[in-house]
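Let me begin by presenting the structure, written as structure tokens, before commenting on it.
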Amino acid sequence: MVEIKFPENTLCYGIVRGNQVVVPRGSTKLRSGDHLLILSDLRHIPSLKTLFQGEQVGPPAMLP
């Protein structure tokens with residue numbers, strides 16, 4: 001997680017991994033299929049979409 005360059009004032013506060021919620025730490029490694037819970041200002045959505053380009057980016061309703 002520490003290597004991800006999130007926009008200013010953006011927080012990844014949880015990772016949904018299967019049926020579990022993982023509280024991310026700097027050393028947390030992302031896995032295929034993880035869903036990140038991100039808190040940010042609406043103006044950062046384009047930057048976040050670029051950051052995760054090619055990945056699914058969408059509303060909370062997409063979560064399992």
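- Of all the heavy atoms in Leu51 and Lys5, the pair that sits closest is CD2-O, 3.9 Å.
- With hydrophobic clusters built from ILVMFWY side chains whose heavy atoms lie under 4.5 angstrom apart, Val16 shares a cluster with Leu39.
- Closest of all the heavy-atom pairs between Arg17 and Lys29 is NH2-O, 3.0 Å.
- The only member of Val23, Val21, Asp34 that meets side chain to side chain contact (heavy atoms under 4.5 Å, CB included) when paired with Ile15 is Asp34.
- Put simply, CE on Met1 and SG on Cys12 are 3.5 Å apart, with the number rounded to the nearest 0.5 Å.
- When every heavy atom of His35 is checked against every heavy atom of Gly33, the shortest pair comes out as CD2-O, 3.4 Å.
- Atom-to-atom distance recorded for Glu8:CD and Arg43:CZ is 7.0 Å, nearest 0.5 angstrom.
- In terms of heavy atoms, Pro7 sits closest to Ser47 at CG-CB, 4.0 Å.
- Atom CD1 in Ile38 sits 9.0 Å away from atom CG in Leu11 (nearest 0.5 Å).
- Judged by distance alone, the side chain of Thr10 and the main-chain N or O of Phe6 form no donor-acceptor pair under 3.5 Å.
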